Structures are given as structure tokens and as C-alpha cells.
Amino acid sequence: PAMPDGYSYDFINAEVILQRLTFADGYYQLPDGMRFKLLVLPKLETMRPEILIKISQLVEQGGAIYGPKPQRSPSLQNYPFADQTIRELATQMWQDIDGKKVTEARYGKGAVFYQQASHAQEIDLNRLLNQLNTPMDLSGLPDEVIWSHRSSDTHEIYFIANQSEQVLTVNPSFRVTDGETLSGAPQYFNAVTGDITDIAQFRYHDGRIEIPMSLNQLESRFIVFEKSHPTQSTTNELQVDKGNIHQVSHNGETVYLPNQFDSQGRRTLFVSKNGSYTVINHDGSEQTTKVEDIPEVIVVNQPWQLTFSDDRDVPTSLTLNKLTSLTELSQEALKHYSGTVKYQTTFDISPDMLRADQQLQLDLGEVGVIARVTLNNQDLNELWSRPLTVNINKAVKAGPNTLTVEVATTWLNRIIGDLKYPTKYPDSAQPKQFTTSLTFEPKTSAKDELQQSGLIGPVTIRPIRKVTF
């Protein structure tokens, strides 16, 4: 049967069932934190006796299974006793289920389900899961966003990932039922930076928590809920009283902004545009503040000094007045360059931009393919996932600043160039100094399209203001 929206699944083999699968607290459980409410069997008439015995034990403890009644063992091992074991145990578990008039049976503390699909009616697992008191785990996500859910003794951990090249605005709804109590606000774990923040904008409603957010292209996030310890009296309902925000608007239009509770417990929004910001609180009250002095975005458009690796058939230094992909340059060796390129330029920052409540965010725009940023000789780490942004507050200063971006490309363009021009480039009088030595048969051909390469930009510096409510 088809998996309904709002639920996730995984495939499980016989070895895992026999050695790792247990049942506790109303769920099938694996040691790595995965939990399952329903075990769906393959549409087969055969099953090994030891597997059916293990499944029967799990169902007796409270598990639920869906699938046809097995008739025999798939092998001749211990024949005919293996087939007899299958028939006897299957009859005890499936009882009078025929998939038509009778579609479920109780076995121990658990249940067995099976329904034969007809052309007019397909099996509705959503109805079955609701019957098992299992509402949707995570809803409100488009098809472009995938997700997974794990549980530990202390946390509920959700991973969501935008698989598209578009910025998506979503409002996922997380299930927080099953009698669990939560400690504190939901948290955002940033796996790229290692930052952990308490989310300030969320809505608790009918056993679920909704967290509106904007996902950048190919962005992924961990959303984590901390469980209360048995000695804590915190309940789901009490989380609403922490002062969370339900909705944010900018000049009257609903927006989704980065937000958090700061170290002092204040609701903080991170805004990049001037205007009027209104928040609707959990109790329906509204608060409005005006922001009128966020500076304009700085475009870093000074000439860039480029430094290339030696012995790559290109000049070791070059000046670009405007950033572009190396593949757009006129020299063939530069178009097909692979390796590292160091870009360096300067920009000025006025003293009024350096504020305690303002973050200066450097955005590299497009890069092919990975970059390391250094500002005033301070390393600001690598940037490889979009958006290619970094907070430069710890390194920036009033007056002139020196920015260095070291970009590493892939080897694809050089391989294409070597296949297309084995001995020399057509615009060069000298033979090539370097040729790629491949120890395998490449799938790449001389006619393949070149990959965007180098620092493409535009490079900007965007002021981000912290606004507290």
C-alpha cells in the first residue's frame, strides 16, 4: 500500500528484525533511535519460521503488523516441520482474517491487519494509522522537502532538507503527542556552523507544534525538541507561556525571519530591511516596532587581484575589474583551469555600521565550488553550502578592510580541456606545461559543458539588525 503524506518509513531486512528490532513504549524500536508504529510485510506467501516467531513475539508485546498470512517456508530446511510451524503460528496470529469481510485480529497486546485491495478501493494506511492513534508525524511540507525523525531518551530529532534550487517558505507541523512533555522551546541545530538556537516563533495547537520558516536552496536543518525529565513539571501547554511568537509581519505583510530566544530570554528577530515590524504573541497581543536606520547593502566591486597555482598554463596573477566565472574569460587555459585561485580586494566600512545590535554578513553570491574566507588576516572558515554567507563582525574594522577568498575548483574543466586540446591550447604558441594523467576511463568528453568556476559573485555585505520584543 502507498505511504500516506505526513509519515516516513524505512526498509528493514530479516537480520535486523531478528537481531535489532524490539518493541517498547508503543513502538517498534531500533538501537539508533528510529521508531516505527506499523510493520508492513511483503506481499508474499512465504516466511522463514524464525522470522515469524520473532514477529509474533513483538506483536504479543503490543506491535501492529499489516500483510498477508504466510503459508509456508521459502526453503526446504527442516521440511516439512518448518511449513507446519508457519501454518500453526500464522493461524494463531491471523485467525479469521480473509482480507475481505475480516481484516483485523487481536494477538496478545498487539494487532494483525490485512485487506485485499480491489480496483475500486486501494488500501488506506492513513485510516489504519489513525486507528492506531498515530496522527501524521510531520505535515505541511511540499514534495521538494524530505525529512526524517529519530528519537532518543532525551530528544526528538527531525531532519528536513530542501531538495530544490528554489527558496521555499514552509510551515511544518510536528507531532508532540504520545504523552511526551517538552522542556523549553524547540531548537534549531545548524550542522554547518555548529550553532544551537532556541526558536522564538512557533505555535502549539492540538498536540502539534508549527514552526514557520524559510529554507534556502538545498538547505537542510535539524529541528530538535528536548524532552522533560521525570522530575520536571513542564508540560506541552506551559511552553506557550514562555512568550513565543505566532506571526511576524513587515509593513503589513506576513514574513518568515530568522528568530531566536537570546541568552536573556528575549524574543529576537534578525531583519535586513527598514520598516514597521509587528509580532502577534501566543496570547493574541501585538507589538510593533519601527526600524529606520539599517544601512544599504555594500557591493564589493573594487578590482580583484587573482593568484593562480604554478604550472597550470595560465598567468600566476591577473586583475579582474568585475567578477565572472573563469569559463567566461577569453583565454582557453583560464577557461579550463582547475585548482585553487586566490581572490583579494579591499572595501571600506564606515564607523556607524559597527553596532552591537547589528551583524555584518558577507555573501559571496555564487562560487565554483568551495571557498575559504579571510578578512584582515583572520580566518573565517570555509563556505560550501548555500547561502555562502558568514558573519564578519569579529574581523571587520572601520576604514579599509582586506578581503581574501581562496576558491577551490573541481578537476572537471581541466579534464575537458585536456581531451579537447591534448598538446596545446589554440590561442597559445607554447605547448602545454601540464596534462592530466588519468588512471581510469573518464565518462567526460571533449564536448561536455564546462562547470561554473571561481568566485562569480556578486560579493555583498548586508547589515542584519537584531530586533528584540
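The structure presented is a predicted model; accordingly, all values stated were derived computationally and were not measured.
- To the nearest 0.5 Å, atom CD of residue Gln451 and atom OG1 of residue Thr410 are 3.5 Å apart.
- Checked by atom type and distance alone, the side chain of Asn376 pairs as donor or acceptor with a backbone atom of Ala395 at under 3.5 Å.
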Discussion item. What verdict does the salt bridge (Lys or Arg N to Asp or Glu O under 4.0 Å) test give for Asp448 and Lys443, after you've listed the backbone C-alpha separation in whole Å, the side-chain angles of each residue and the deciding distance to 0.1 Å?
Written reply: CA-CA 10 Å; Asp448 285 352; Lys443 296 183 180 180; over 6 Å; no
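- Considering NE2 of His336 and CG of Leu412, their distance stands at 9.5 Å, rounded to 0.5 Å.
- Other residues, nucleotides and ligands contribute at most 12 non-hydrogen atoms within 6.0 Å of the CG atom of Asp25.
- Asn259 places a side-chain N or O within donor-acceptor distance of the main-chain N or O of Ala200, the cut-off being under 3.5 Å.
- Judged purely by distance below 3.5 Å, without hydrogens or angles, the side chains of Glu210 and Ser173 never pair a donor atom with an acceptor atom.
- Side-chain atoms of Thr345 come within 3.5 Å of backbone atoms of Pro303 as a donor-acceptor pair (strictly under, hydrogens ignored).
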Worksheet item: Going through the checks in order, is the side chain to side chain contact (heavy atoms under 4.5 Å, CB included) test met by Phe261 and Arg267?
Response: CA-CA 5 Å; Phe261 286 103; Arg267 290 94 51 79; 3.7 Å; yes
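- With hydrogens and angles ignored, the 3.5 Å screen pairs a side-chain donor or acceptor of Asp262 with a backbone N or O of Gly265.
- Here the side chains of Asp357 and Arg465 are in contact, with some heavy-atom distance below 4.5 Å.
- A salt bridge links Arg221 and Glu219; the closest N-O separation between the charged side-chain nitrogens and carboxylate oxygens is under 4.0 Å.
- Remark: side-chain polar atoms of Asn274 are paired, donor with acceptor, to backbone N or O of Ile294 under 3.5 angstrom.
- For the residue pair Gln247 / Thr254, a side-chain donor-acceptor distance below 3.5 Å is found, with atom types taken as modelled.
- At least one side-chain heavy atom of Val167 sits under 4.5 Å from a side-chain heavy atom of Gln217.
- Applying the 6.0 Å contact sphere to CG of Asp143 captures no more than 12 heavy atoms from other residues, nucleotides or ligands.
- In terms of heavy atoms, Val192 sits closest to Ser385 at CG2-OG, 3.6 Å.
- Of the inter-residue distances, the one linking Leu128 atom CG with Asp124 atom CG reads 8.5 Å to the nearest 0.5 angstrom.
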Worksheet item: Given the rule in the side chain to side chain contact (heavy atoms under 4.5 Å, CB included) test, do Gln264 and Thr468 qualify, once you have shown the distances and angles that lead to the verdict?
Response: CA-CA 11 Å; Gln264 300 177 25; Thr468 59; over 6 Å; no
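- Not one N or O on the side chain of Lys54 forms a donor-acceptor pair closer than 3.5 Å with the backbone of Ala14.
- In this structure, the side chains of Pro142 and Val170 come closer than 4.5 Å at one or more pairs of heavy atoms.
- In this structure, the side chains of Phe113 and Gln131 come closer than 4.5 Å at one or more pairs of heavy atoms.
- Between Phe174 and Tyr158, the two ring planes are perpendicular [angle over 60°; tilted spans 30° to 60°].
- With contacts defined as side-chain heavy-atom distances shorter than 4.5 Å, the pair Phe308/Leu306 qualifies.
- The two residues Thr289 and Val467 have their closest heavy-atom pair at CG2-CG1, 3.6 Å.
- We find that Arg35 and Asp137 are not joined by a salt bridge, their nearest charged nitrogen and carboxylate oxygen being 4.0 Å or further apart.
- Nearest heavy-atom pair, Gly67 versus Leu41, reported as atom, atom and distance to 0.1 Å: CA-CB, 4.1 Å.
- Here Phe189 contributes atom CZ and Asp195 contributes atom CG; the two are 11.0 Å apart, rounded to the nearest 0.5 Å.
- Between Asn413 and Ser453, the shortest heavy-atom contact is ND2-CB, 3.7 Å.
- Judged by distance alone, with hydrogens and angles left aside, the side-chain atoms of Tyr9 form no donor-acceptor pair with the main-chain N or O of Met3 at under 3.5 Å.
- Between Leu318 and Leu334, the shortest heavy-atom contact is CD2-CD1, 4.1 Å.
- Remark: the backbone N or O of Thr436 is paired with a side-chain donor or acceptor of Asp418 at under 3.5 angstrom.
- Put simply, the side chain of Ser152 gets close to the backbone of Thr154: a donor and an acceptor are under 3.5 Å apart.
- The side-chain heavy atoms of Val279 and Tyr277, taken from C-beta on, include no pair separated by under 4.5 Å.
- Judged purely by distance below 3.5 Å, without hydrogens or angles, the side chains of Gln187 and Asp198 pair a donor atom with an acceptor atom.
- Surrounding CH2 of Trp384 are at most 12 heavy atoms belonging to other residues, nucleotides or ligands under 6.0 Å away.
- A 4.5 Å side-chain heavy-atom check between Leu388 and Val373 finds every atom pair outside the cut-off.
- Between the CG atom of Asn393 and the CD atom of Gln359 there is a distance of 6.0 Å, given to the nearest 0.5 Å.
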Item to complete: Just do the side chain to side chain contact (heavy atoms under 4.5 Å, CB included) check on Gln358 and Leu360 with the steps written out, would you?
Response: CA-CA 7 Å; Gln358 185 163 276; Leu360 295 183; 4.2 Å; yes
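- Remark: Arg372 pairs with Asp379, Glu382 by the salt bridge (charged side-chain N to carboxylate O under 4.0 Å, His left out) rule, at least two apart or across chains.
- Judged purely by atom type and a 3.5 angstrom limit, Arg150 uses its side chain to pair as donor or acceptor with the backbone of Asp32.
- The distance from the CD atom of Gln57 to the CG atom of Leu21 is 11.5 Å, given to the nearest 0.5 Å.
- At a threshold of 4.5 Å between non-hydrogen side-chain atoms, the residues Trp304 and Val459 count as touching.
- Other residues, nucleotides and ligands contribute more than 12 heavy atoms inside 6.0 Å of the CZ atom of Arg355.
- With a 6.0 Å radius and a threshold of 12 heavy atoms from other residues, nucleotides or ligands, Asn13 has its CG atom above the threshold.
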Worksheet item: So Phe36 and Ile12, side chain to side chain contact (heavy atoms under 4.5 Å, CB included) or not? Walk me through it.
Response: CA-CA 11 Å; Phe36 309 93; Ile12 190 170; 5.5 Å; no
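- The residues Glu165 and Arg386 are annotated as salt-bridged, a charged nitrogen and a carboxylate oxygen being separated by less than 4.0 angstrom.
- Residue-environment remark: CG (Asp348) exceeds the threshold of 12 foreign heavy atoms within 6.0 Å.
- Across Thr340 and Ser309, no two heavy atoms sit closer than the pair OG1-OG, 3.4 Å.
- In this structure, Lys37 forms no cation-pi arrangement with Tyr28, as its terminal cationic atom is not both closer than 6.0 Å to the ring centre and no more than 45° off the ring axis.
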